[in-house]
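All ligand and atom numbering here is 1-based and tracks the order in the structure.
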Amino acid sequence: MIAALMPSPIGHVLAGVAAAWTADLIPGDRDWRSAPATAGWYARAGGGFTVLCGALAAAPDLDLFFGGHRTITHSLAATAVVGLCAAAVAAATRRPIARIALTCALAYGTHLLLDLLGADPVPPEGIQLLWPFSRDWFISGWNVFEHTERRHPFSALSLGQNAKALVREIGILGPIAMMTWLVRVKALAGFSTELASRDHPTQ
Ligand SMILES: [Zn+2]
């Protein structure tokens, strides 16, 4: 069965990246997330960990390749497992465990949130948010995001629907990601100055 995606991977990646940048605003062990203003944009954007968060936010839809779309991978239980795995990797690599676990779970969790807010034309509508405790399907019905059409992807109808969905996703999530980026740039710049004055006190 070819099911609809709601929203597209592009929207999900944007949300995951915004989640990583938002988590960077939380004070604590985050010096490894900052880069000097002279560094390249990739380093300043948070490098590989930000990319990982974008990938995690799109990952639940990999279930399209295995069947059972919008079930196990779209649950709070799966989000918790992602957090636990991230914690284990953080512990093994001597990174801040709670921060990494929560950021990864947050990025993954944005996928569930966006799907809940999206339109779903394929019944049963929504996601099995509470799997394995309940097989009920959840959706807000608010249709904030349009569904993307994967059947006959090159037909005029599908191309039109997908373009419409993409414009809406980018229109909503683009400014959110941009805003988190700008706030983060300011916050981390202040943080770098703080670190520099701590390392080289003027008085
Ligand atoms: Zn999904």
Heavy-atom check, side chain of D63 versus side chain of I72, under 4.5 Å: no
Closest H111 atom to the Zn ion (ligand 1) [N, O or S only]: NE2
Residue that, paired with H12, satisfies side-chain contact (heavy atoms from CB on, under 4.5 Å) out of D61, L56, V17, L173: D61
Cluster overlap V51 with F49, hydrophobic side-chain contacts below 4.5 Å: no
Atom name, H74 (N, O or S, nearest to the Zn ion (ligand 1)): NE2
Residue D63, metal the Zn ion (ligand 1), N/O/S under 2.8 Å: no
Of all N/O/S atoms in D61, the name of the one nearest the Zn ion (ligand 1): OD1
Parallel, tilted or perpendicular, as decided by the 30° and 60° cut-offs, for the rings of H74 and H69: perpendicular
Atom nearest to the Zn ion (ligand 1) - D115, N, O or S atoms considered: OD2
Any side-chain heavy-atom pair of T73 and F66 under 4.5 Å: no
